[in-house]
Each structure stands twice: as structure tokens, then as C-alpha cells.
Amino acid sequence: MKVVIFCGGLGMRLREYADNVPKPMVPIGYRPVLWHVMKYYAHFGHKDFILCLGYRADAIKQYFLHYDECVSNDFSLSKGGKDLQLFNSDIHDWNITFAETGMHSNIGQRLKAVEKYLVGEKAFLANYADGLTDLELPKLVDFAQQHDKIATFVSAKPNLTYHMVSAGPDGVVKDIQSIRDAELRINSGYFVLKQDIFKYMRQGEELVLEPFRRLIQEKQLMAYEHNGFYASMDTFKDKQQLDDLYARGDAPWVVWKSNGAQGTAPAMEPTKSTAGEPAGYVASRRDG
């Protein structure tokens, strides 16, 4: 299945990191967050990517045009540096389509702009460029195929530190709890979409608003519940937390490494990885 990745947003909440670096290119460890997302999909055999570009598309193109395999792979150097031998490679079998989808386009507009690259695809995967998870992707794909709906997305608990407050009209507090312990779930941005999704989209519409509401009316939208690790890099604080997990070797999303810390209890998502049936109330994510 092809993988559409929305990586054209401005990333305004990360501007304190660097004004001229597009959000998908902000690094975690040796590689940008976009690479981590693509590596995740490639690990499960999905290596045909369509990048929906916008802000600083040049930076993303240049990164892959001048990709350095030595940064994250073992290699040997001999003959005074004249002979370099890589022991493994990251992207030699990846196919990447770089699509200009507009500087200020929303997710729906970006998806519509790459429809021509999805002709003949019965179904495809789609995602934001900054969401990381330890989700077992084949289970999501199987779930989507079994239910055979037009759209399926992954619902997850929000990686936020806020507390939810319940109070009466007089202001007396009835309850306060961590948002992670509440029933609230969000649209994590991991999608399985059938080709028919384009029939539900209109010019200028945001994907998860009007088109998804039409799908809801026809009972054509499914939510796949994931209670394991999920985190999005929305702010500089999020980046620091992800950097810390990666530096400690406790990065649950690094499923492509046998020594990846699967099943750990990182600060951003303490529960173990499980998958289940459709969720209840689900909030949604944003730009791309």
C-alpha cells in the first residue's frame, strides 16, 4: 500500500526551535522526525511514499537528494577513505514521490492534490509527519480490511499533561483527573483510506471535518483503538521528551530495531500496547 504523508505545515509551535527548519525536518537523534515516520512504515513493508510538500519543500527534497546512509548505519572505511562499505541501508528500496501541494493548504487540499498519484490504488495509508507510535501496523490494516469501510483512523490517548476538571454551576469542583486517565481519545492521524474517500471531499474542505462527517452519516468511518505509545511532536517540549526517550534507548516507536525498548513505560505514555475495537468520543488533530 502507498503511504501519503502530510508534511507541508508551517509548524508554528516549534518556531522556538528554528525559524527556517520545516517541522518534518526537526531531528530526533540522528534523523528528522519525518524519517522516523517513514522508517516505521518501511519496517512493515510499506515503502512507496507520497510526500505532500508545502513550507520549505526545498529542505525536504535536498535532504533525500543528498541522503547520507552513513549517519545511521554501520560501515567500514579503508584505503585511506577511498573504499567505503555499508553493512546495511535505510532507503535503497524506498520509492518517494515529492508532490508540491501548496504553502497554506489544509490536509484535505493536500490529499486532493495527490489523488492523481493514487489512481489504481484500492486503498492507501496516510499520516501526519510528526506522529510516532508503537502500533502494530498489520493489525490496523487487517481491522480496516475486515470492516471494509471507506476510512479508518487510529484513536489514541492524548500525550498531554493537562488535568480535566468537573465542576458544578456554583464552581464547586466535583472531580479532577489527568487527561490521560479520562475517556477522551484523539484522532492520532494514522489513516487507512479507500479510493472512495475522494468522492466525499469538496474543494477546500478539511479532511476530518466535512468529509468525515459525511462518512459518519453513512456509517463509513471506523476508529481503531490503540492504548500503547503515541506521541506527536507539536511543541519544543514534545521534541525534548522524544529526544530524551531516544537518547535513553527507550523509544517505543523504533520498532525496526531488535533492541528497541518495546513494552517499556515511558513518561509520555505509560500503558502497554494493545489494540481493540472502535473508540467512543474522539478528538482530532490539526494541520500538516
Side-chain angles (χ1 to χ4, degrees), residues 1-15 17-28 30-42 46-69 71-72 90-121 124-132 153 187-193 195 197-198 201-209 211 232-235 238-239 242 284-288:
M1 299 174 74
K2 290 189 176 182
V3 184
V4 177
I5 301 182
F6 307 113
C7 46
L10 297 177
M12 296 297 291
R13 285 172 288 182
L14 267 170
R15 283 298 177 86
Y17 171 75
D19 288 339
N20 63 342
V21 177
K23 185 178 180 181
M25 297 307 295
V26 173
I28 299 175
Y30 298 114
R31 297 292 191 189
V33 63
L34 171 60
W35 177 91
H36 286 261
V37 173
M38 296 172 73
K39 186 71 172 178
Y40 166 83
Y41 281 104
H46 304 285
K47 303 177 181 180
D48 196 341
F49 300 98
I50 301 173
L51 303 187
C52 300
L53 305 176
Y55 174 70
R56 288 303 314 274
D58 61 307
I60 298 174
K61 292 176 180 178
Q62 289 300 316
Y63 176 78
F64 286 102
L65 284 172
H66 302 284
Y67 189 82
D68 186 357
E69 291 278 13
V71 170
S72 53
D90 292 323
I91 70 170
H92 70 282
D93 56 350
W94 294 9
N95 181 63
I96 307 174
T97 299
F98 298 85
E100 295 283 354
T101 58
M103 181 71 74
H104 301 288
S105 302
N106 61 38
I107 295 298
Q109 292 171 315
R110 296 193 192 285
L111 180 57
K112 192 68 177 174
V114 300
E115 181 179 3
K116 58 187 176 183
Y117 299 120
L118 293 163
V119 174
E121 295 291 311
F124 58 93
L125 303 167
N127 200 353
Y128 300 120
D130 64 346
L132 302 171
F153 66 90
N187 162 25
S188 69
Y190 281 73
F191 302 101
V192 181
L193 303 172
Q195 184 70 220
I197 186 64
F198 294 108
M201 300 173 66
R202 307 289 184 269
Q203 185 65 35
E205 291 181 345
E206 174 60 84
L207 175 65
V208 299
L209 296 180
S232 60
M233 193 177 67
D234 288 325
T235 66
D238 294 335
K239 171 182 163 47
L242 293 170
S284 185
R285 284 190 58 202
R286 71 269 138 232
D287 66 347

Q: So how far is it from Glu206 CD to Leu111 CG, rounded to the nearest 0.5 Å?
A: 10.0 Å

Q: Dump the intermediate steps for side chain to side chain contact (heavy atoms under 4.5 Å, CB included) on Ile60 and Leu51, then the final yes or no.
A: CA-CA 9 Å; Ile60 298 174; Leu51 303 187; 4.0 Å; yes

Q: For residues Met38 and Ile96, determine if any side-chain heavy atom of one lies less than 4.5 Å from a side-chain heavy atom of the other.
A: yes

Q: Fit a plane to each ring of Phe64 and Trp94, take the angle between them on a 0 to 90° scale, and name the class: parallel (under 30°), tilted (30 to 60°) or perpendicular (over 60°).
A: tilted

Q: Can you see which heavy atom on Pro32 is nearest to which on Pro24, and at what distance?
A: CB-O, 3.4 Å

Q: For Asn95 and Lys47, what are the C-alpha separation, side-chain angles and deciding distance, and is it a side chain to side chain contact (heavy atoms under 4.5 Å, CB included)?
A: CA-CA 6 Å; Asn95 181 63; Lys47 303 177 181 180; over 6 Å; no

Q: Please step through side chain to side chain contact (heavy atoms under 4.5 Å, CB included) for the pair Leu125 and Tyr41, ending with a clear verdict.
A: CA-CA 9 Å; Leu125 303 167; Tyr41 281 104; 3.8 Å; yes

Q: Side-chain contact test, heavy atoms from C-beta onward, threshold under 4.5 Å: evaluate it for Val37 versus Ile5 and give yes or no.
A: yes

Q: Has the side chain of Gln109 got a donor or acceptor atom that lies under 3.5 Å from a matching backbone atom of Asn106?
A: yes

Q: If you round to the nearest 0.5 Å, how far is CG of Leu242 from CG of Asp238?
A: 6.5 Å

Q: Between Lys61 and Glu100, is there a side-chain N and carboxylate O pair less than 4.0 Å apart?
A: yes

Q: Can a donor-acceptor pair be found, under 3.5 Å and without considering hydrogens, that links the side chain of Lys239 to the backbone of Pro27?
A: yes

Q: Give the ring-plane orientation class for Tyr67 versus Tyr63, where under 30° counts as parallel, over 60° as perpendicular and anything between as tilted.
A: perpendicular

Q: Short question: side chain of Glu121, backbone of Leu118 - any donor-acceptor pair under 3.5 Å?
A: no

Q: For the residue pair Cys52 and Val114, what are the closest heavy atoms and their distance?
A: SG-CG1, 3.8 Å

Q: How long is the straight-line distance from NE2 of His104 back to OH of Tyr55, given to the nearest 0.5 Å?
A: 10.5 Å

Q: Check this for me, if you would: do Lys112 and Glu115 make a salt bridge, where the nitrogen-to-carboxylate-oxygen distance has to be below 4.0 angstrom?
A: yes

Q: Which residues satisfy the salt bridge (Lys or Arg N to Asp or Glu O under 4.0 Å) test with Lys2, sequence neighbours excluded?
A: none

Q: Which of parallel (below 30°), tilted (30 to 60°) and perpendicular (above 60°) describes Tyr128 and Phe6?
A: tilted

Q: Provide the closest heavy-atom pair for Ala126 versus Leu193 in the form atom of the first, atom of the second, distance.
A: CB-CD1, 4.2 Å

Q: Find the distance between NZ (Lys23) and SG (Cys7) and round it off to the nearest 0.5 Å.
A: 11.5 Å

Q: When you compare the side chain of Ile197 with that of Leu207, does any pair of heavy atoms fall below 4.5 Å?
A: yes

Q: Would you check if there is a donor-acceptor pair between the side chains of Asn127 and Tyr40 at a distance under 3.5 Å?
A: no

Q: Measure across Ala129 and Val33 and return the closest heavy-atom pair with its distance rounded to 0.1 Å.
A: O-CG1, 3.7 Å

Q: Is there a donor-acceptor contact under 3.5 Å from the side chain of Thr101 to the main chain of Leu53?
A: yes

Q: Under the 3.5 angstrom rule, does the side chain of His36 hit a backbone N or O of Ile28 as a donor-acceptor pair?
A: yes

Q: Any heavy-atom pair between the side chains of Phe98 and Phe49 that's under 4.5 Å?
A: no

Q: Using every non-hydrogen atom in the two residues, find where Ile50 and Tyr117 come nearest and quote the distance to one decimal.
A: CD1-CB, 3.7 Å

